[in-house]
*Asks:* 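Got a structure for you, written out below as structure tokens; questions coming shortly.
No hydrogens, no waters, no symmetry mates; every other heavy atom, side chains included, goes into these values. Treat the numbers as computed from the prediction; the structure is a model and nothing was measured.
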Amino acid sequence: MSGLRTALMVVYIIVCIVITIIVLSQEGKPASLTNSISGGAYDNSYWSKNKKGSKEEVLKKITGVLGFLFIAIALLLDSKLF
């Protein structure tokens with residue numbers, strides 16, 4: 001069982017490093033007065049509606065998956081199974 005725990009710890013460290021890099025590479029939202037009042041509702045351009053394949057959208061999806069893995073592996077490592 002110790003080998004499995006070590007393997008999980010290595011995967012956990014890799015996930016931590018990758019999620020840090022992915023989050024830091026994402027762009028922040030613009031902090032204009034219009035966006036802070038409306039929540040960005042006035043951004044109805046073509047590009048804002050068609051972001052499914054954009055770099056930002058892919059990074060968001062990867063962040064979500066890595067966040068789930070981060071929590072799941074952390075719970076597994078904390079459990080009494082290993």
*Asks:* Check the pair K61 / E57 against side chain to side chain contact (heavy atoms under 4.5 Å, CB included), numbers first and verdict last.
*Replies:* CA-CA 6 Å; K61 290 178 183 178; E57 196 63 33; 4.2 Å; yes

*Asks:* Linking I/L/V/M/F/W/Y whenever any side-chain heavy atoms sit under 4.5 Å apart, do F68 and V58 land together?
*Replies:* no

*Asks:* List, one per line, each side-chain donor-acceptor pair under 3.5 Å for residues 19-26, sequence neighbours excluded.
*Replies:*
residue : atom : partner : partner atom : Å
T20     : OG1  : C16     : O            : 2.7
S25     : OG   : I21     : O            : 3.3
S25     : OG   : I22     : O            : 2.8
Q26     : NE2  : L59     : O            : 3.2
Q26     : NE2  : T63     : OG1          : 2.7

*Asks:* Apply side chain to side chain contact (heavy atoms under 4.5 Å, CB included) to V65 and list each qualifying residue two or more places apart in sequence or on a separate chain.
*Replies:* L69

*Asks:* Output all residues satisfying ring pair (Phe, Tyr, Trp, His ring centres under 6.0 Å) with F70, sequence neighbours left out; order by chain, then residue number.
*Replies:*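 Checked F70 against ring pair (Phe, Tyr, Trp, His ring centres under 6.0 Å); matches are Y12.
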
*Asks:* Using side chain to side chain contact (heavy atoms under 4.5 Å, CB included) as the criterion, list what pairs up with L8, not counting sequence neighbours.
*Replies:* I73, L76, L77, F82

